[in-house]
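The figures here come from the full heavy-atom set of this structure, side chains too, leaving out hydrogens, waters and symmetry mates.
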Amino acid sequence: MRRWHWRHWSVRTRLMAMTALPLAYLFCTFVWYAYQSRLSEVREELAERGPLVAKVLADSSEFSLVSRRYDDLKLTINGLLRADPSIQRIEVLDAQRRGLVQAVARAGSASPHELRYDEAPILKRLMWVSMLAPDGTPYQKDRPAASGMTVETMGYVRVTMSPSALLLKQTRRFYVELMVGCLGLLACVLLAWQLAKGLDASLQASMRALREADDEKRRLIRKVNTAVEDERQSIALEIHDELNATLIAVRLEAQRIAAISPEGEAREKAQSIIKLALGLYNSGRALVRRLRPEVLDMLGLDGAVEEMMRHYDSARSGCRFDLQAQGDFSKMEAGVAISAYRIVQEALSNIVKHARATQASVQLALEDGELHMQISDNGAGFDPAEASSGIGMVGMRERVYALNGRIAIDTCLGAGTRITIAMPIR
């Protein structure tokens, strides 16, 4: 199930998900709203139609009920059932709610709790008319005390409404709306697919261009590093062959002058020249070793790093350095070896200058065709966000990336620093 995690999705899949999920949500919301609105329309129509049918039928049944013409009433009811499929049953009851006429349209498919019952009374209206006797006097017989109209309930009309027919009608409309919505959703999905395809192709082209630019940058960095190292080697050779040789000659001449000069100012000046020449010669040798460590060509990377750490120990920086090496480093490619040496050199220089550490260690190992390096110290550490833009850190990262390597810096204030690097050796 892990491969279905979104981090493993392709760019096109992510774009499709970003587009399709809102569309699916809107579509589901539209379907739910359309379905609920249709149900609401059915309920409202039943609530309006039931009382109206009962009222109209009750008003029209007064004469049939008074004259007991139940057949005519039944014909009227059956016609009404055929005209309105939403009516399931019509019952005409007397004043004691005993059945007089009953008609059923069909066997109800709806459950009893879905049926709607509406009832209206059948009223008998009596109007008293004043008539004159033959002698001209008003004729009154069994007339109530108050003249006018008398209303009497003769019975009831009960109408049972079923939502099945209306639901079927609304369901057809809903299916039409659903089909239109599905077609719209399909069109949106196809459009989103085309857009995602185009964006994915554009993004892939941009990523390929970035990779090519990154590869070109790495090749350029390798060339620059090679050119820098060649120039350093050239400068080192010139210092070694020209400057140091000249300083040796100056020292020898000064020694000869000191030997033939009597005691006095001349001999003192000659000895002073000897000391200056010797100091310049030692500085030149140190500069040559820094520009192009000869021990790297003679003893390999581990020997060069060990010589470097011995130099830092002799400088009495207050930090103890420890080296652990595993593997044969004499067969490493020269470009990889010099880059690794420069990385270690920069890291140890930072430890001496900034870390205020008392213990530092360097681990070198050749495993699975890669050079693994780890430089750690127990110093003050630093904030990666603030120090990541430093020239030293940038140079280390660029050297590693130029060789298609990996680098990780683990540090925080007061907890020391650990730099882990892995680079292919070919």
Side-chain angles (χ1 to χ4, degrees), residues 1-57 79-90 104-118 159-214:
M1 295 297 296
R2 182 174 181 146
R3 66 190 186 93
W4 293 106
H5 195 269
W6 67 271
R7 294 181 181 274
H8 302 281
W9 293 357
S10 64
V11 176
R12 183 183 300 180
T13 305
R14 295 185 185 186
L15 290 174
M16 280 296 300
M18 292 170 58
T19 308
L21 288 179
L23 288 176
Y25 173 76
L26 292 176
F27 177 76
C28 293
T29 304
F30 164 75
V31 170
W32 178 84
Y33 177 76
Y35 180 74
Q36 293 297 327
S37 63
R38 293 306 176 189
L39 289 181
S40 178
E41 288 180 8
V42 169
R43 288 192 291 266
E44 291 176 0
E45 189 169 355
L46 286 178
E48 293 177 0
R49 186 178 298 183
L52 180 62
V53 170
K55 176 65 175 173
V56 171
L57 189 58
L80 188 59
L81 289 175
R82 287 191 298 269
D84 192 345
S86 63
I87 303 175
Q88 185 181 24
R89 180 193 301 267
I90 296 178
V104 180
R106 61 190 181 283
S109 58
S111 59
H113 70 274
E114 293 179 346
L115 299 176
R116 179 182 177 87
Y117 303 92
D118 294 287
V159 179
T160 303
M161 306 291 292
S162 172
S164 300
L166 294 177
L167 283 175
L168 180 60
K169 180 180 178 181
Q170 296 293 345
T171 300
R172 292 171 181 170
R173 294 181 180 177
F174 173 74
Y175 284 155
V176 173
E177 294 177 355
L178 183 62
M179 183 179 66
V180 173
C182 289
L183 292 176
L185 179 63
L186 180 60
C188 291
V189 169
L190 292 177
L191 180 60
W193 173 260
Q194 292 296 327
L195 291 175
K197 185 177 179 181
L199 289 175
D200 181 64
S202 177
L203 184 59
Q204 292 296 336
S206 300
M207 292 176 65
R208 284 194 298 270
L210 287 175
R211 292 192 189 99
E212 292 174 358
D214 189 59

Q: List the atom of Ala34, the atom of Glu177, and the distance in Å for their closest heavy-atom pair.
A: CB-OE1, 3.5 Å

(Q) Quick check for you: to the nearest 0.5 Å, what is the distance between Leu186 atom CG and Leu191 atom CG? (A) 11.0 Å

**Q.** CG-CG distance between Leu46 and Leu167, expressed to the nearest 0.5 angstrom
**A.** 8.0 Å

Q: Please tell me if the side chains of Arg172 and Leu168 come closer than 4.5 Å, counting only heavy atoms from C-beta onward.
A: yes

**Q.** Lys/Arg N to Asp/Glu carboxylate O, Arg49 vs Asp84, below 4.0 Å
**A.** yes

Q: Would you name the heavy atoms of Ser86 and Leu166 that are closest together and state the gap between them?
A: CB-CG, 4.1 Å

Q: Over all heavy atoms of both residues, which pair between Ala105 and Ile87 is shortest? Give the atoms and the distance, please.
A: CB-O, 3.5 Å

**Q.** Heavy atoms of other groups near Phe27 CZ, more than 12 under 6.0 Å
**A.** yes

Q: Provide the closest heavy-atom pair for Phe174 versus Tyr35 in the form atom of the first, atom of the second, distance.
A: CE1-N, 3.6 Å

Q | From Glu41 atom CD to Lys169 atom NZ, the distance as rounded to the nearest 0.5 Å | A | 10.0 Å

Q: Nearest 0.5 Å please: distance from the CD atom of Gln88 over to the OH atom of Tyr117.
A: 7.5 Å

Q. Should Val53 and Asp118 count as side-chain neighbours, where that means a heavy-atom distance under 4.5 Å?
A. no

Q. Atom CG in Leu210, atom OG in Ser206: separation rounded to 0.5 Å?
A. 6.5 Å

**Q.** Under 3.5 Å donor-acceptor, Ser40 side chain and Ser37 backbone
**A.** no

Q. Does the side chain of Leu115 reach to within under 4.5 Å of the side chain of Met161, using non-hydrogen atoms?
A. no

Q.
Using 0.5 Å steps for rounding, measure from the CG atom of Leu57 to the CG atom of Leu52.
A. 11.0 Å

Q: Report yes if some heavy atom in the side chain of Ile90 is under 4.5 Å from a heavy atom in the side chain of Thr160; otherwise report no.
A: no

